[in-house]
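What follows is a short report on a single structure.
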Amino acid sequence: MCTCAPATWASTPAPSAAVDMEPLSGITLKLRALQSMLNQFPEFREDVVLVQVAIPLHDSRGEMMHTEYAEEVGRVAAEVNAQYPGAVLMQHEKMPFAPRVALFSVADVLVNSAVRHGLSLVPVEYVLASQADRGKRGSLLLSEFTACSKVIPGVIRTNPWREEDFAKSIVKSLRQPQHERQHWCAEQLAWCKHNTVLRWAENIMEDMKRVRAYMIEMGEDTTRSACCRVGLVKSSYREISSNILRPMEVNSAYSSCKTRLLLFDMDMLRPSKEDMENGGDTLWQQTLASIQLLVKEAGNCVFLLSSDSPENLLAMLKRMKGIDKLGLAAEDGYYYKWPNSPPDRWDQRQHVVTQWKEVCSALMHTYAERTTGTYVQEDQIASITWHYGVSNPDFARMQGKELLNHLNDTLAHLPVEVVVGKSFVRVRHQGVTKGSLVTHIIQHYNSRGGVDFLLCLGDDRIDEDMFHTLKDYQQGAQYRLFEGREQEIKVFTCTVGRQPSLAGFCLYTLEDVQEVLSQLSLQTKRKMRSAATMLGLSSLS
């Protein structure tokens with residue numbers, strides 16, 4: 001817990017909060033911000049005391065955890081007190097309820113500097129404790145990385161990583177006019193009384209009902225996986241998946257069909273740099289070899305769909321022979337190439353207006369500056385992307401969610417949509433999706449007799465557009481006419497790793513994907529050998 005209190009508590013109390021002694025609590029950031037504040041605003045040097053309650057954590061054997069961080073906190077606190085004697089008062093014992101409420105009642109500001117925190121009840125305790133009839137109310141200064149800062153009205157939010165801004169936020173909270181404090185304290189008290197435990201439970205139950213109704217509407221199985229999908233049970237993919245893609249079933253359907261459309265997410269098949277260093281290049285070469293064989297078989301139409309640019313997509317496939325026989329799509333379907341067309345001949349799906357990219361660029365660069373290891377990709381025509389794959393995963397995902405909300409609010413009136421991938425947040429022009437391109441591809445082949453086998457593999461949220469399109473197609477087109485008789489259309493949509501999904505089947509790893517592709521390509525190889533044998537026998541006769 002931390003509070004800033006003036007030297008004479010009876011006359012001018014100050015901020016407060018309660019935390020465990022761990023790195024995520026951000027205690028050192030708070031102490032550095034206090035030191036910066038006292039350096040910049042000398043009028044507070046004799047009046048403000050920071051009361052920091054840091055509760056040591058112990059493991060099951062009773063040994064203290066995070067000892068190095070505790071030592072660092074002690075060093076920084078001693079440094080601040082050496083420069084400004086009495087500025088920091090450290091408490092290392094858990095405070096009982098009564099003394100804690102007493103401290104809250106005399107504190108001017110509750111300061112929370114956590115770099116990651118869920119819904120803490122400490123700010124709620126502070127709001128209720130500050131309702132004592134003493135003529136003034138306290139302020140809430142919360143880290144923007146805490147859940148409370150987004151739901152409690154009237155809080156002053158700050159980024160604890162920005163020392164100077166944090167220091168100014170402390171000053172702002174101490175100087176907040178009394179009428180503003182009284183107004184927001186009344187709002188906060190009403191919020192706390194409204195959002196009781198019973199209210200939270202009712203909201204969760206309503207969310208569960210809505211999820212179940214949506215799943216039933218989409219034709220999904222709710223008897224087994226509904227509880228897992230709302231997050232009430234911790235389960236692995238293998239535990240919650242009941243419809244695994246079986247290679248034998250795919251092989252049987254593949255061999256019985258004459259015209260086939262194969263749609264593969266290129267970003268899923270391509271290994272990462274880390275995987276390449278750990279032997280992923282071998283798997284990549286096997287995948288390319290399987291695709292190369294599938295392309296050779298008569299009746300097969302193979303499309304590789306990617307979010308990357310056409311140049312990068314062709315560079316990834318430079319080792320592959322017969323690339324002109326492949327169908328390709330780049331930038332989520334903005335560029336596409338039909339099979340049997342030259343690699344340099346790309347069509348465009350639609351005309352896009354790009355003025356909105358300036359707004360997106362400004363927002364994304366702001367988050368890139370705040371999140372180490374992230375960058376903004378602006379070289380694509382119909383989209384702009386904030387990547388966070390090489391940064392701290394937990395912190396980056398949290399920043400990504402905040403950026404997503406910010407972009408949705410800012411761009412609501414523009415012809416764009418914001419999507420989240422495995423390690424990126426992307427803004428793209430409306431209609432430029434893999435799903436819309438798949439619709440165009442299916443319409444193209446339907447006008448030429450259609451296909452009787454369709455296999456689609458993807459692993460990302462942005463691939464859900466494809467799965468949704470193919471689900472509608474499967475429900476609306478069960479059979480096709482071929483040579484005067486009906487043929488059943490066999491559709492296999494499969495997500496790899498990510499669940500839940502609109503895909504009808506699932507696989508777990510790229511090795512599973514390669515097994516499916518190798519089994520299909522093996523059929524092609526056998527047919528080619530059989531054809532060559534028959535040709536040789538006919539030449540002998």
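- A heavy-atom distance below 4.5 Å is found between the side chains of I291 and L304.
- What you find for M266 and L317 is that their closest heavy atoms are CE-CD2, 3.3 Å.
- In this structure, a donor-acceptor pair under 3.5 Å is absent between the side chains of E72 and T28.
- Of all heavy-atom pairs between A114 and S143, the closest is O-OG, 2.6 Å.
- In this model, no donor atom of one side chain and acceptor atom of the other lie less than 3.5 Å apart for K168 and T158.
- One finds the CG atom of L507 at 8.0 Å from the CD1 atom of I244 (value rounded to the nearest 0.5 Å).
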- Message: One pair to check against side-chain hydrogen bond (donor to acceptor under 3.5 Å, both in side chains): T259 and D452. What are the steps and the verdict?
- Response: CA-CA 6 Å; T259 55; D452 49 358; 3.2 Å; yes

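- For the residue pair S307 and R426, a side-chain donor N or O sits within less than 3.5 Å of a side-chain acceptor on the partner.
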- Query: After noting the C-alpha distance and the side-chain angles of L245 and V250, does the key distance pass the side chain to side chain contact (heavy atoms under 4.5 Å, CB included) rule?
  - Reply: CA-CA 8 Å; L245 186 66; V250 179; 3.5 Å; yes

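- Side-chain contact, Q377 with D379: a donor N or O sits under 3.5 Å from an acceptor N or O.
- A donor-acceptor pair is defined here as one N or O able to donate and one able to accept, closer than 3.5 Å; such a pair exists between the side chain of S521 and the backbone of S518.
- Judged by a 6.0 Å distance limit and a 45° cone about the ring axis, R116 is not positioned over the six-membered ring of F395.
- The line from NZ of K296 to CG of N300 is 13.0 Å long, rounded to the nearest 0.5 Å.
- Residues F505 and F492 place their aromatic rings such that the two centres sit under 6.0 Å apart.
- Test D459, D265, D460 against K422 for salt bridge (charged side-chain N to carboxylate O under 4.0 Å, His left out) and you get one pass: D459.
- To the nearest 0.5 Å, the span separating CG on N112 from SG on C148 amounts to 7.5 Å.
- In this structure the side chain of N251 reaches within 4.5 angstrom of the side chain of L520, judged on heavy atoms.
- Residues E144 and S149 bring no donor and acceptor atom of their side chains to less than 3.5 Å of each other.
- In plain terms, the two heavy atoms of L313 and A330 that are nearest each other are CD2-CB, 4.4 Å.
- Residues C360 and W386 fail the side-chain proximity criterion, which asks for heavy atoms closer than 4.5 Å.
- Under the 6.0 Å distance and 45° angle rule, R162 does not count as a cation-pi partner of F166.
- Side-chain contact check for N408 versus L404: some heavy-atom pair is nearer than 4.5 Å.
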- Query: Could you go step by step and tell me if L142 and H117 meet the side chain to side chain contact (heavy atoms under 4.5 Å, CB included) rule?
  - Reply: CA-CA 11 Å; L142 305 181; H117 206 294; over 6 Å; no

- Message: One pair to check against side-chain hydrogen bond (donor to acceptor under 3.5 Å, both in side chains): Q443 and Y473. What are the steps and the verdict?
- Response: CA-CA 10 Å; Q443 290 174 349; Y473 171 73; over 6 Å; no

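- Taking both residues in full, the closest heavy atoms of T372 and S391 are given as O-CB, 2.9 Å, listed atom of the first, atom of the second, then distance.
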- Message: side-chain hydrogen bond (donor to acceptor under 3.5 Å, both in side chains) for K490 and S256? Distances and angles first, verdict last.
- Response: CA-CA 10 Å; K490 298 173 182 178; S256 64; 3.0 Å; yes

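- Considering CZ of F303 and CG of L328, their distance stands at 8.0 Å, rounded to 0.5 Å.
- In this structure, the side chains of M364 and L407 come closer than 4.5 Å at one or more pairs of heavy atoms.
- Using a 30° and 60° split on the angle between ring planes, H440 and W338 fall in the tilted class, from 30° to 60°.
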- Task: With salt bridge (charged side-chain N to carboxylate O under 4.0 Å, His left out) as the test, would you mind laying out the steps for D308 and R270 before giving the verdict?
- Result: CA-CA 11 Å; D308 220 329; R270 175 186 56 184; 3.3 Å; yes

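- Side-chain N/O atoms of S36 and E164 include no donor and acceptor closer than 3.5 Å.
- Within the model, atoms CZ of R397 and CD of E402 stand 15.5 Å from one another, a figure rounded to the nearest 0.5 Å.
- Distance OG/S447 to CD1/I442: 12.0 Å, rounded to 0.5 Å.
- With hydrogens and angles left out, the side-chain atoms of E464 and S501 include a donor and acceptor closer than 3.5 Å.
- Side chain to side chain, T439 and S436 fail the donor-acceptor criterion of an N or O pair below 3.5 Å.
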- Task: List the steps and the verdict of side chain to side chain contact (heavy atoms under 4.5 Å, CB included) for Q430 and L414.
- Result: CA-CA 9 Å; Q430 282 183 352; L414 295 174; over 6 Å; no

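- Nearest approach of F467 to G458, heavy atoms of both residues: CZ-N, 3.7 Å.
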- Assess whether side chain to side chain contact (heavy atoms under 4.5 Å, CB included) is satisfied between T282 and Q286, documenting all intermediate values. CA-CA 6 Å; T282 303; Q286 293 173 353; 3.8 Å; yes

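- Judged by distance alone, the side chains of E331 and S383 never bring a donor and an acceptor atom under 3.5 Å apart.
- Surrounding NZ of K150 are more than 12 heavy atoms belonging to other residues, nucleotides or ligands, all under 6.0 Å away.
- Between Y334 and the choices R428, Q350, H429, Q348, the side-chain hydrogen bond (donor to acceptor under 3.5 Å, both in side chains) rule is met once, by Q348.
- Q514 is not listed as a side-chain neighbour of T509, based on a closest heavy-atom distance of 4.5 Å or more.
- A donor and an acceptor atom, one from each side chain of Y254 and E297, are located under 3.5 Å apart.
- The minimum heavy-atom distance between P247 and V516, with the atom names listed, is CG-CG2, 4.1 Å.
- Within the 4.5 Å cutoff, side-chain heavy atoms of V427 are placed close to those of W356.
- Judged by distance alone, the side chains of D267 and S306 do bring a donor and an acceptor atom under 3.5 Å apart.
- Here the side chains of V390 and Y375 are not in contact, with every heavy-atom distance at 4.5 Å or above.
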